[in-house]
Amino acid sequence: NTVDTSMLHYWKYFAKGIGYTLLISAFSVFFGFILGTILAFMRLSHNKILKAIATAYIEFVRGTPLMVQIMFVYFGIGLIINLPALTSGIIAVSLNSGAYVAEVIRGGINSVDKGQTEAARSLGLSKRKTMRYVILPQAIKNIWPALGNEFISLIKESSIVSIIGVTDLIYQLKIVQSDTYRGVAPIVVAMLLYFIVTFGLSKLLAYFEGRMKHAN
Ligand code: ARG
């Protein structure tokens, strides 16, 4: 079968592409988590200015396409310093993910019953200690699976970094297309690779989630 042979011949392109895709997604979910945590606490705080800044950031980032944000970061930073497309891509996807993760964390914290705070506070725990020892341990159970989903989303959503020339899976698929004059076969390969990775990850996450439930 000639289609198989020609696609197998290009396995290194696909491997490199999925490697970059995973790299961008992993870094971005990591930085997104850090940024998201900061934003979530800003938004939950009673400081009106911090709250307004975090809310504006989250709404703006979620209200504009990731594609535009990626172009803005790449060409915008490019006016000042010349950053590689990969770095720009990771920065843009992280900044984007932070806004989504902030809502995940805020939702996780808000999902803990108010009675928990009241009980802890009436037992004499400070606000900080209540958060640290009572709220967060319970919130994390809702946050962790949602973070896994964010990682899976990023694997798919990060495909848009190919527009600034990051050599991710989409970029590689286009190279294979023009090298082989095959329009569809490289798309099918990339599609299957995305699916194998996201499906595998979601099964893995479900497994760990199940174990977390039994551990408590
Ligand atoms: N596709 C949507 C957009 O372009 C969402 C992107 C980001 N999603 C995320 N979970 N970080 O705006």
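Numbering of ligands and ligand atoms starts at 1, following listing order. Predicted model only: the values in this text are computed from it and were never measured.
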Steps toward side chain to side chain contact (heavy atoms under 4.5 Å, CB included) verdict (L95, V61): CA-CA 8 Å; L95 290 173; V61 168; 5.9 Å; no
The one among Q69, M67, E157 that brings a heavy atom closest to atom 6 (C) of ligand 1: E157
Basic-acidic side-chain contact under 4.0 Å: E118, R121: no
Distance filter under 4.0 Å to E150 heavy atoms, resulting ligand 1 atoms: 9 (C), 10 (N), 11 (N)
L50-I105 co-clustered via ILVMFWY side chain contacts under 4.5 Å: no
Numbering as shown, the atoms of ligand 1 that approach N96 to under 4.0 Å (heavy-atom distance): 7 (C), 8 (N), 9 (C), 11 (N)
Member of K174, R182, Q177 meeting the side chain to side chain contact (heavy atoms under 4.5 Å, CB included) criterion with I187: Q177
Atoms of ligand 1, numbered as shown, that sit under 4.0 Å from any heavy atom of L154: 11 (N)
ILVMFWY network linking V166 to Y194, side-chain heavy atoms under 4.5 angstrom: yes
Those atoms of ligand 1 less than 4.0 Å from some heavy atom in T64: 12 (O)
For atom 12 (O) of ligand 1, the protein heavy atom that lies nearest, with its residue and separation: L66 N, 3.4 Å
